[in-house]
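For the numbers below, each heavy atom of this structure counts, side chains included, while hydrogens, waters and symmetry mates do not. Note on naming: letters A, B, ... go to the chains in the order of the sequence lines (proteins, then strands), and numbering restarts at 1 for each one. From a predicted model like this one, the values you see are computed outputs, not experimental measurements.
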Amino acid sequence: MNQPNRVDGGQIDRATTLKFQFNERWLTAHPGDTLASALLANGVRLVGRSFKYHRPRGIFSAGSEEPNALVQLHKGAALEPNTRATTVEVFDGLYATSQNHRGSLEHDFLAVNDLLSPLLSAGFYYKTFMWPRAFWEKVYEPVIRSAAGLGRLSGKPDPDEYDHGYLHCDVLIIGAGPAGLAAALAAGRAGARVILADEDFRMGGRLNGETYDVGGIAGADWARSAVTELTSMNNVRMMARTTVYGAYDHGIYGALERMTDHRADSGDKPRHVLWRVYSKRAILCAGATERSMAFGNNDRPGVMLAGAVRTYVNRFGVAPGRKVAVFTNNNDGLRTADDLRAKGVDISAVIDARKGEFVVNTTGRKGLKSVQLNTGRKIETDCLAVSGGWSPNVHLSSHHRGRPTWREDIAGFVPGGELPPGMTVVGAAAGTLTLASTLSEAHETATRIAMDLGKSRATGEAPKARDEDFSTAPIWHINEGKNRAWVDLQNDVTTKDVTQSHREGFRSVEHLKRYTTLGMATDQGKTSNMLGLAVMAEASGKTIPETGTTIFRPPYSPVPIGAFAGRARGKNFRPTRLTPSHAWASESGASFVETGAWLRAEWYTRPGEKGWRDSVDREVKATRTAVGICDVTTLGKIDIQGRDAAEFLNKIYANAFLKLPVGKVRYGLMLREDGTVYDDGTTARLSDTHFVMTTTTANAVLVFRNLEFARQCLWPDLDVHLISTTDAWAQFSVAGPKSRALMQKVVDDLDLSNDAFPFMSCAACTVFGGTSARLFRISFSGELAYEIAVPARYGDAMIRAMMAAGEEFNLTPYGTEALGVMRIEKGHVAGNELNGQTDARMIGLDKMVSRKKDFIGAALLDRPEQTREDGLQLVGLRPVDANVNLTAGAHFLSPGDPEDMAHDQGWMTSVAYSPELGHSIGLGFLKRGRDRHGETLRSFSPIRGQDVMVEVCSPHHIDPEGERQRG
Amino acid sequence: MIINHPLLGPRDATEFVYLGDASMIERPNGFGEDVADAMYEYVYLRDNPAGEHRELWYHEQGDRSWLVVTRNTLTHEITEVALARDVARSKGRSK
Amino acid sequence: MADITLIAAPVLGGFNHEFSNCTLAERSDIALISVAVPRDGDTALSTKLDTAWTLTMPTPSTTTQANGMRAIPLTADQFLLAFHPDTNRTEVSVQDDLAEVGYTTVQTDAWVILELSGEGATSALERICPLDLAPDAFPTGSAARTVMEHLGAMIVRVDNTRFWLMSARSSAMSFLHAVETSCRWTAS
């Protein structure tokens, strides 16, 4: 029969029928159903197997607290394990399967674990699998991991998209049950900007699952009208399907909105949006979660929370059983029988623990058949509705380490200690477990908060309702009978595990939790923590508040990792910066390398070239014999202006800058305050008050930050101003003996002869008949070279025009690899040498460092380590056997010395093949290196397996006198 | 966290870069005899209080202001935010 | 080389796309000049702005506008002048106008400007912009620098449902992708 367990009523759309699959069986449901309600409607009771013992399990709850009914949704890459059937909305075509069984759900081979349960108690693997030691990683762990556990991942990339977002409000209301709706109505009417978020797809909370009246109408109808009123307010944002999962600093909350999980087709929209919610105030209306009691075999399919049973019958029009028994320690539980009878469901027994009647055991392996009472009575029943009382959902209130406090009258913990700033807790979450009090408390609190925020429009009356009788007795553990009684259903923790761990000395709740794994499953013990605490209190003879409670951390319920990642996947992991010549370079055979966020051409492959070395060697040769061009836009460029700009630079750089003439460029060395080299680059003076600084590509942002620090914090009254122009100029290095001839063609009306525009000159000019430009005569390659900059919008046109103009000179584009080869040939230091441990002495620039002024790094230049006689110094290296390629990272040893750190002489920092010299060359740091040119050493790299002889030489492998660049 | 910028109002801490102890403002003169000891203290020695801490934050993804933020390192409560330039001047720093 | 003339190219090729509830377009017709206020030079600079364009200095979070010139705050002592250049008003002429009273730098090429307009603009921005863009918190004329999808960005509300989103030119493609994705994902 179709949906045999449907009864009248409920908030489902019976006019529409949906089809879905569970374990390859087609079943039907209605809009408004969860997967759990639909399975129950279809009479499916067995939905999964437990974590450790592979016990048959059914649906236990009706919400996100569900420990049992974990299923896998979808197929293929979209497969999602460990989804709570109680929160999944059914849509047409939904595909779900059970998980954690070998063989079928009905005949799980691993159910043998249940027979082995005496071996599998708390800490079993620490004790059982001790020997032989080597077996742990190879045998025991893989077997345990494959036997225990949850669903399986697809192993494929997640096909869904996820997004992030930012929301702002005066009042964030967390939970849209009676408290949340009443609070939102009051705050919304007062004129506050309100966000009302609820994890459920239907707002109303318990009102949808109960038969209370509010304002003279059915609670669920009142909830619907409240939602209608709130939706009409444009200062209220209604967010169903949204879990506020964490409370962070200063009123910031994390919220996960499930956008498309309830649809068959996402429409190419993100599945989830992870919101960062900025709130001035927050009202936590998270309600309470019902808990069970511990008695023998209390985990069978058909044993359910009483409130969940009412939810299924009232909200979903589903009877979870034909003959239902109720077992409760409180009056709230007694309502269950009335609600079921009203829908025509048979009640087989009402067992009130307060009257000394207890369930001690149950039967029915794959579905409850009967319950056994302490009185000896046996009751035939297919569903047992259990209520052990309600635990306030204090979770978010303790995210800032606030410790919940015990309230005897409700036998539960309520928010205590320091709440997150701006948070107020009302309703059941605050321990107000009755309806009328909850509504008025929520209304009054929200009205007061709105007033505090300056919103004083009338908020009307609190909704009227009756306070139901809620007397409860702290009965937790039915200590009669010999059968195992479960505390934590999801992690398979029984009362015996708790008492055993207590016997073994785990006295702190935090230790108990970790030893037994109680409350550490994906449900975070929402239905089990209280029970575990009570059993531990019983074992230790203490009260529950003396035993303590664990505190909660985000997230309230699981958040997919994909949602945290958001869009940051694949090539969108981080932004990409492109140089102005990027499109041209792509067309011209360039390979690109990431340098920070930048993509730079590393070399240009020409037809016939077999490997990168062919291309790089050609580019170097062409540049050194004719002329080459390289996009150097990525170097940081900072415009520095002001009456005190020269004075400022003089404090920033270790060398002198006060008297740099207008129209000149100077190499600048920047130190850290501890004397270590921080960055280097050239700075040009365009006018008395105007400089342009260049930094290394890697340090552009950091140098700018440090300059702002110096300007604002150290010398706040200097007239100096900074703005980055890195992106504003497309800058090209043009290097090689024919570069002057080329630049004369390109630059309008500027005498480029060596006398008129010598090495280290700069000028504003125009190129190609009028485009404004800046020309610098600087050289990194050691060749006669220029850098020419044009506004970035002309960058693409500029490289194409340069290539056309340079054709007659065989102008060759070169990439970062050729740039690297040429700087190593020339002995210029770069990132490999300036590694954060290098000082000016090491790179031979100590003579440049001023001793006549204060500058950043001036005071600590002469620390003992920096002035030691055997200090490291930059040298050049070449292999004794010219056919050997050197290895960066190799260490230097004197011939005959043992290979240990005590005899370490230094290391190779950079290596390259020099096409001009025809062999490999290197730079390195060597103890007393400047005095050791001509010496032969071992270059030893145990990692790369190289042990070769090298000769120490000047780091300037090419043109040591610098004649080319000055020529 | 949210930092209440003196000029711009409340802004998310993700816009800022953290440096550390605000004593970094009080840089001793680095030139002359016997400056090494003072500079050694300035460069290497920091308090690490559990409680109120005056610290430097840089509004890098914002107006590039350096700020002195007084923050409780236990609760993250922020009790005062000032422009570092004003703080520097109040400490007698100028050119 | 009189036979070659360099032609300026918009970094996003003049991107322009209409989504169901908003429009996203590259603005490559705006010149930007940054102006730093010399120490103790506020009065001279504001007098000059007034005489040249009847423009007032922007506040830290509000732009000012007059005679086709918009001043957008950058830092405590620096702002951008944004204008549509023509034969009478060029980058050079504006720099010349301010030569004695402020330190200017051409910033036209440092930024990409995306104009996002339409009823859906704020929903799209909710996904990338951490700032509160409610009309009373960020009214027309407001400007702020912030971070969007890891990129430094400037947002200016030029009209109730029209925003300028500015970011670094070199990462313009990534910035466009971020904003365009937001538009697509929030389109109805």
Side-chain angles (χ1 to χ4, degrees), chain A residues 164 166 168 248-252 276 278-280 400-402 418 420-422 643-644 647-648 650-651 654 671-676 701-702 704-724 850-864, chain B residues 1-4 10-14 16-20 22-44 56-61 63-68 71-72 74-78 82-95:
Chain A
H164 289 180
Y166 307 85
H168 300 258
Y248 300 94
D249 287 313
H250 304 159
I252 299 174
R276 192 175 170 88
Y278 300 86
S279 69
K280 294 196 177 87
H400 287 195
R401 301 180 62 180
E418 270 187 51
R643 297 187 296 275
D644 299 320
E647 173 68 32
F648 179 72
N650 213 39
K651 294 176 187 291
L671 306 183
R672 302 194 312 217
E673 204 69 88
D674 67 359
T676 303
V701 169
L702 301 176
F704 195 98
R705 187 186 299 167
N706 287 355
L707 295 183
E708 282 289 7
F709 178 77
R711 183 179 91 94
Q712 295 177 39
C713 300
L714 301 183
W715 300 291
D717 287 334
L718 290 178
D719 181 44
V720 60
H721 304 269
L722 312 170
I723 191 160
S724 169
S850 171
R851 295 291 179 159
K852 295 179 187 159
K853 62 167 185 172
D854 184 14
F855 59 88
I856 290 175
L860 299 180
L861 288 170
D862 300 321
R863 286 177 293 145
Chain B
M1 292 201 294
I2 291 171
I3 294 173
N4 194 9
R11 302 298 282 268
D12 195 299
T14 54
F16 294 80
V17 171
Y18 179 75
L19 179 65
S23 69
M24 293 284 286
I25 290 173
E26 293 162 75
R27 180 184 185 273
N29 181 10
F31 182 63
E33 298 291 308
D34 306 324
V35 297
D37 282 352
M39 193 57 84
Y40 162 76
E41 287 212 12
Y42 171 73
V43 173
Y44 296 108
L56 282 158
W57 290 75
Y58 175 52
H59 199 198
E60 185 150 86
Q61 304 294 6
D63 79 340
R64 310 278 160 96
S65 287
W66 278 93
L67 304 180
V68 174
R71 180 179 67 104
N72 186 312
L74 292 176
T75 63
H76 292 183
E77 187 190 8
I78 291 173
L83 291 174
R85 172 169 266 164
D86 294 342
V87 174
R89 282 180 183 141
S90 76
K91 303 270 181 196
R93 303 201 70 86
S94 178
K95 289 189 170 184

Return the option, out of [options], with the maximum number of heavy-atom pairs under 4.5 Å with chain B.
| options | value |
| --- | --- |
| A/Ile252, A/Leu861, A/Asp719, A/Leu714 | A/Leu714 |
| A/Tyr166, A/Trp715, A/Phe648, A/Phe709 | A/Phe709 |
| A/Glu418, A/Lys852, A/Lys853, A/Arg863 | A/Lys853 |

Using every non-hydrogen atom in the two residues, find where [X] and [Y] come nearest and quote the distance to one decimal.
| X | Y | value |
| --- | --- | --- |
| B/Tyr40 | A/Leu860 | N-CD2, 4.4 Å |
| A/Ala859 | B/Val35 | CB-CG2, 3.7 Å |
| B/Ala88 | A/Gln712 | CB-O, 3.9 Å |
| A/Glu673 | B/Arg27 | OE1-NE, 2.7 Å |
| B/Ile25 | A/Cys713 | CG2-O, 3.6 Å |

- Message: Quick check for you: to the nearest 0.5 Å, what is the distance between B/Tyr58 atom OH and A/Glu708 atom CD?
- Response: 4.5 Å
- Query: If you measure from CG on B/Leu74 to NE2 on A/His400, what distance do you get to the nearest 0.5 Å?
  - Reply: 13.5 Å
- Task: Return the set of residues passing side-chain contact (heavy atoms from CB on, under 4.5 Å) with A/Asp862 (not counting sequence neighbours), or none when no residue passes.
- Result: A/Arg841, A/Arg851, A/Thr867
[X] side chain to [Y] main-chain N or O, any donor-acceptor pair under 3.5 Å?
| X | Y | answer |
| --- | --- | --- |
| B/His76 | A/Tyr248 | no |
| A/Arg705 | B/Glu60 | no |
| A/Asp854 | B/Gly30 | yes |

- Message: Can you tell me which residue among B/Arg93, B/Lys95, B/Arg89 is in a salt bridge (Lys or Arg N to Asp or Glu O under 4.0 Å) with A/Asp717?
- Response: B/Arg89
Between [X] and chain B, with a heavy-atom cut-off of 4.5 Å, which part of the residue counts as in contact: side chain, backbone, both or neither?
| X | result |
| --- | --- |
| A/Leu718 | both |
| A/Lys651 | side chain |
| A/Val701 | both |

- Task: Considering only heavy atoms and a distance below 4.5 Å, find which of B/Val43, B/Val17, B/Asp12 pairs most often with chain A.
- Result: B/Asp12
- Count the heavy-atom pairs under 4.5 Å between each of B/Ser65, B/Ala22, B/Pro28 and chain A, then report the option with the highest count. B/Ser65
- Applying salt bridge (charged side-chain N to carboxylate O under 4.0 Å, His left out), name anything that partners B/Lys91, two or more places apart in sequence or on another chain. B/Glu26
- Query: Are the charged groups of A/Asp249 and B/Arg71 less than 4.0 angstrom apart, N to O?
  - Reply: no
- Message: So for B/Val87, is it side chain, backbone, both, or neither that comes closer than 4.5 Å to the heavy atoms of chain A?
- Response: neither
- Query: Where on B/Leu19 is there a heavy atom nearer than 4.5 Å to chain A: the side chain, the backbone, both, or neither?
  - Reply: side chain
- B/Arg64 to A/Phe704 six-membered ring, cation-pi geometry met (6.0 Å, 45°): yes
